[in-house]
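Labels below follow one simple rule: chain letters A, B, ... track the order of the sequence lines, proteins then strands, and each chain is numbered from 1.
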Amino acid sequence: GAGVSQSPRYKVAKRGQDVALRCDPISGHVSLFWYQQALGQGPEFLTYFQNEAQLDKSGLPSDRFFAERPEGSVSTLKIQRTQQEDSAVYLCASSPGTGGSGVGNQPQHFGDGTRLSIL
Amino acid sequence: RKEVEQDPGPFNVPEGATVAFNCTYSNSASQSFFWYRQDCRKEPKLLMSVYSSGNEDGRFTAQLNRASQYISLLIRDSKLSDSATYLCVVNIGWDTGRRALTFGSGTRLQVQP
């Protein structure tokens, strides 16, 4: 399809397990963002990639969270030793952004998200 | 204080009504502003960008007031299908090199028949 694709749509894991969430951005989009959305809140920034470079990871809540985009297209967000407070919807967004002044001025296109529940 | 603040609502309005939402933001250097719409258990979708001179898209009008650091969204002739959460979005950290967008918590609108 033409949009941002995320998988899985739903993930249930036991506390302490590791999980991996996948994002396939719109083809050709340089910029990729991960957000975390808790119930009743707006999305909160986790990390940003320009191509394969992770330029901003200031929103990652702990060192248990790790993201990569090795070939500049598909990205994976990994959460190690999951905790109950990690339960949320994880949204991926992409924008054409060629870096510099373009990126922050462009709207972002979101995937359906992965709803993560930690038991 | 949150960087982007919105009244959470809910705003309950009858069909055909006009409703307006405001949003305030913390950084006067912010450059880009958007309204997104989010339906229950769905992803946010861009509704419209907000331009300095204000802009209109059908029944929707967006305004920016830089001096007071707020943006607004006006919906005329509300439809049942307008029921959703409206997210105010700003590139707050623009002047510090941050490229991510900052979202408000959203304003919930319920249009009733």
Side-chain angles (χ1 to χ4, degrees), chain A residues 3-6 9-10 23 25-26 29-51 53-60 67 88-115 117, chain B residues 2-10 21 23-27 29-52 55 57 62 64 71 73 84-108:
Chain A
V4 177
S5 176
Q6 290 187 249
R9 284 296 309 278
Y10 303 92
C23 172
I26 293 172
H29 276 196
V30 167
S31 298
L32 185 147
F33 301 81
W34 283 98
Y35 292 86
Q36 181 190 60
Q37 187 171 23
L39 192 63
Q41 300 296 316
E44 296 210 356
F45 170 72
L46 294 176
T47 187
Y48 158 59
F49 289 86
Q50 182 181 314
N51 295 307
Q54 190 175 20
L55 298 187
D56 186 350
K57 53 182 181 179
S58 61
L60 296 176
V89 176
Y90 289 84
L91 294 162
C92 176
S94 70
S95 69
T98 54
S101 62
V103 176
N105 290 331
Q106 295 174 343
Q108 296 168 15
H109 304 272
F110 284 82
D112 291 344
T114 293
R115 190 172 298 273
S117 297
Chain B
K2 285 187 176 180
E3 293 178 311
V4 179
E5 290 206 74
Q6 297 181 250
D7 180 343
F21 311 134
C23 161
T24 57
Y25 59 95
S26 61
N27 185 358
S30 300
Q31 292 293 317
S32 296
F33 310 88
F34 308 95
W35 283 102
Y36 275 72
R37 169 196 169 126
Q38 188 170 28
D39 292 286
C40 190
R41 302 179 78 86
K42 297 285 190 180
E43 77 277 19
K45 290 186 178 176
L46 178 68
L47 179 66
M48 59 196 303
S49 302
V50 186
Y51 301 118
S52 295
N55 49 298
D57 183 0
L64 167 64
I71 67 174
L73 177 68
T85 296
Y86 290 84
L87 297 164
C88 173
V89 186
V90 182
N91 68 341
I92 284 288
W94 172 256
D95 54 335
T96 59
R98 198 200 310 180
R99 294 296 176 255
L101 298 175
T102 301
F103 287 75
S105 296
T107 298
R108 194 153 66 88

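Nearest heavy atom pair, residue L87(B) against residue G42(A), reads CD2-CA, 4.2 Å. Residues F33(A) and A100(B) come closest through the heavy atom pair CE2-CA, 3.6 Å.
Contact of D56(A) with chain B is made through the side chain alone, with heavy-atom distances under 4.5 Å. At a 4.5 Å heavy-atom cutoff, Q6(B) makes no contact with chain A through either its backbone or its side chain.
When ring centroids are compared, F110(A) and F103(B) come within the 6.0 Å threshold.
In terms of the ring pair (Phe, Tyr, Trp, His ring centres under 6.0 Å) criterion, Y90(A) has no residue partners (sequence neighbours excluded). Under the salt bridge (Lys or Arg N to Asp or Glu O under 4.0 Å) criterion, R37(B) pairs with D39(B), not counting sequence neighbours.
Crowding of E44(A) atom CD: a count of heavy atoms from other residues, nucleotides or ligands under 6.0 Å not exceeding 12.
A distance-only check finds no donor-acceptor pair linking the side chain of Y36(B) to the backbone of P107(A) [under 3.5 Å].
Rounded to the nearest 0.5 angstrom, L46(B) CG and S95(A) OG are separated by 12.0 Å. Here the CZ atom belonging to R41(B) is positioned 9.0 Å from the CG atom belonging to L39(A), to the nearest 0.5 angstrom.
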**OP:** Kindly indicate, with the supporting measurements, whether the criterion side-chain hydrogen bond (donor to acceptor under 3.5 Å, both in side chains) is fulfilled by E43(B) and Q6(A).
**Re:** CA-CA 11 Å; E43(B) 77 277 19; Q6(A) 290 187 249; over 6 Å; no
